[in-house]
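A short worksheet on the structure shown next.
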Amino acid sequence: MFKVFAFDFDGTLTTRDTLIAFIRYACGTPRFLLGFLLHAPLLVLMKLRLYSNGKAKQRLFTWFFRGMPLEAFDALCQSFASAHRHLLRPETVSLLQQALSEGAEVLIVSASIDNWVQPFFSSFHLQPSTLHLLCTQIEVIDGRLTGRFLTPNCYGQEKVRRILALYPDRSAYRLTAYGDSRGDRELLAFADEAHLVS
């Protein structure tokens, strides 16, 4: 039996949500405020659980980033990670590094977009087979972002589905999971050992 460690990103490996921080960084405060003002009714419905988290997130993402060249988007993701390393939570990042040093399979399972999650960990100089990113992925056509997601939003039960897609034989591994919000409930319930980060 091998060991698998699964970490949520926003609020678990970081101190706060990175979607909002990234949009503000990439688009500037005036456009950020306008976009959230225009989508305020939708966000209220989402908070009341009357509208899907994934659909609301995609609507926002489309408004801000549809048509952007992938090269420009990736450059923003790299510079955002470099400028916001202070958002990383030292204690949980240390646990992640320890798991890797012990030879465990380590997953970052996040609703955030993998384009900006990955650069936060590029300095680890790790073998690709040991650290896996199971994040929301974006659709790109002809080198430009369509604003749509290529995968379901990696939230709730989707986190469990992604892990099972990677490791389908649940009896073959012991899963330790770390999360901080209701989007991690299913992941924590699925784990052999669960840690709620406050």
Side-chain angles (χ1 to χ4, degrees), residues 1-14 16-20 22 46 49 51-62 65 70 73-74 77 81 88-89 92-93 95-100 102-122 124 126-140 145-197:
M1 180 176 286
F2 61 96
K3 294 180 180 180
V4 177
F5 285 77
F7 293 85
D8 168 55
F9 182 63
D10 294 293
T12 301
L13 288 170
T14 67
R16 60 189 175 97
D17 186 274
T18 56
L19 172 65
I20 292 172
F22 177 75
M46 183 193 76
R49 301 185 190 181
Y51 194 80
S52 157
N53 176 288
K55 288 180 181 178
K57 179 178 172 181
Q58 184 169 267
R59 289 274 295 273
L60 269 176
F61 190 83
T62 298
F65 298 110
L70 176 61
F73 183 75
D74 280 342
C77 291
L88 290 174
R89 191 186 291 272
T92 43
V93 171
L95 290 169
L96 182 149
Q97 290 175 309
Q98 181 181 338
L100 285 167
E102 293 173 356
E105 293 289 303
V106 178
L107 316 175
I108 297 175
V109 192
S110 173
S112 277
I113 309 299
D114 56 4
N115 299 62
W116 74 69
V117 175
Q118 189 277 330
F120 277 93
F121 303 94
S122 59
F124 281 25
L126 302 167
Q127 294 297 320
S129 61
T130 58
L131 181 64
H132 304 274
L133 264 62
L134 307 180
C135 303
T136 303
Q137 296 180 318
I138 55 174
E139 183 182 68
V140 177
L145 280 62
T146 66
R148 295 186 294 269
F149 295 156
L150 191 63
T151 62
N153 188 40
C154 194
Y155 179 93
Q157 188 61 32
E158 178 64 13
K159 295 193 174 195
V160 175
R161 193 195 70 78
R162 295 285 193 93
I163 292 173
L164 286 173
L166 187 62
Y167 304 118
D169 184 359
R170 185 63 183 85
S171 64
Y173 55 94
R174 176 176 174 78
L175 177 65
T176 302
Y178 294 82
D180 77 297
S181 69
R182 65 184 176 90
D184 302 315
R185 284 177 186 170
E186 292 84 351
L187 169 63
L188 296 175
F190 182 65
D192 299 294
E193 181 183 333
H195 299 272
L196 185 65
V197 177

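Along the sequence shown, residues are numbered consecutively beginning with 1.
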How close do Ala177 and Leu187 get, heavy atom to heavy atom, and via which atoms? CB-CG, 3.9 Å

With rounding to the nearest 0.5 Å, note down the distance linking CG in Asp114 to OG1 in Thr151. 7.5 Å

Less than 4.0 angstrom from a charged side-chain N to a carboxylate O is my criterion; do Glu186 and Lys159 meet it? no

Is the shortest heavy-atom distance from the side chain of Leu150 to the side chain of Ile138 under 4.5 Å? no

Heavy-atom side-chain proximity of Met46 to Arg59 below 4.5 angstrom: no

Residues Arg162 and Leu134: closest non-hydrogen pair is NH1-C, 3.7 Å

Assign the ring pair Phe61 / Phe149 to parallel, tilted or perpendicular, where the plane angle (0 to 90°) is split at 30° and 60°. tilted

Hey, do the aromatic rings of Phe7 and Phe121 have their centres closer than 6.0 Å? no

Looking at every heavy atom in both Leu188 and Gly179, which two are closest together, and how far apart are they? CD2-N, 3.8 Å

So, the side chain of Arg170 versus the backbone of Phe190: is there a donor-acceptor pair under 3.5 Å, distance only? yes

Return the minimal non-hydrogen interatomic distance between Cys154 and Thr136, and the atom names on each side. N-OG1, 3.0 Å

Quick check for you: to the nearest 0.5 Å, what is the distance between Thr92 atom OG1 and Asp8 atom CG? 9.5 Å

We want to know whether Glu105 and Tyr173 form a side-chain donor-acceptor pair, criterion being a heavy-atom distance below 3.5 angstrom. no

Any donor-acceptor pair under 3.5 Å from Thr62 side chain to Gly147 backbone: yes

Rounded to the nearest 0.5 Å, what's the gap from SG on Cys77 to CD1 on Ile113? Could you check? 8.5 Å

In Å, rounded to the nearest 0.5 Å, how long is the span from CD1 of Ile163 to NE2 of His132? 11.5 Å

Distance check, rounded to the nearest 0.5 Å: Arg16 atom CZ versus Asp180 atom CG? 14.0 Å

Heavy-atom pair of closest approach, residues Asn53 and Asn153: OD1-ND2, 2.9 Å

Partner set under side chain to side chain contact (heavy atoms under 4.5 Å, CB included) for Ile20, not counting sequence neighbours: Asp17, Phe32, Phe36

Between CG on residue Leu88 and OG1 on residue Thr12, distance to nearest 0.5 Å: 12.0 Å

Ring geometry between His195 and Tyr178 (parallel below 30°, tilted from 30 to 60°, perpendicular above 60°): parallel

Apply the ring pair (Phe, Tyr, Trp, His ring centres under 6.0 Å) test between Phe9 and each candidate in Trp116, Phe120, Tyr155; give the one that qualifies. Phe120

Contact list for residues 147-156, test salt bridge (Lys or Arg N to Asp or Glu O under 4.0 Å), sequence neighbours left out: Glu139-Arg148

Can you name the nearest heavy-atom pair linking Ser112 to Thr18, along with the distance? OG-OG1, 3.2 Å

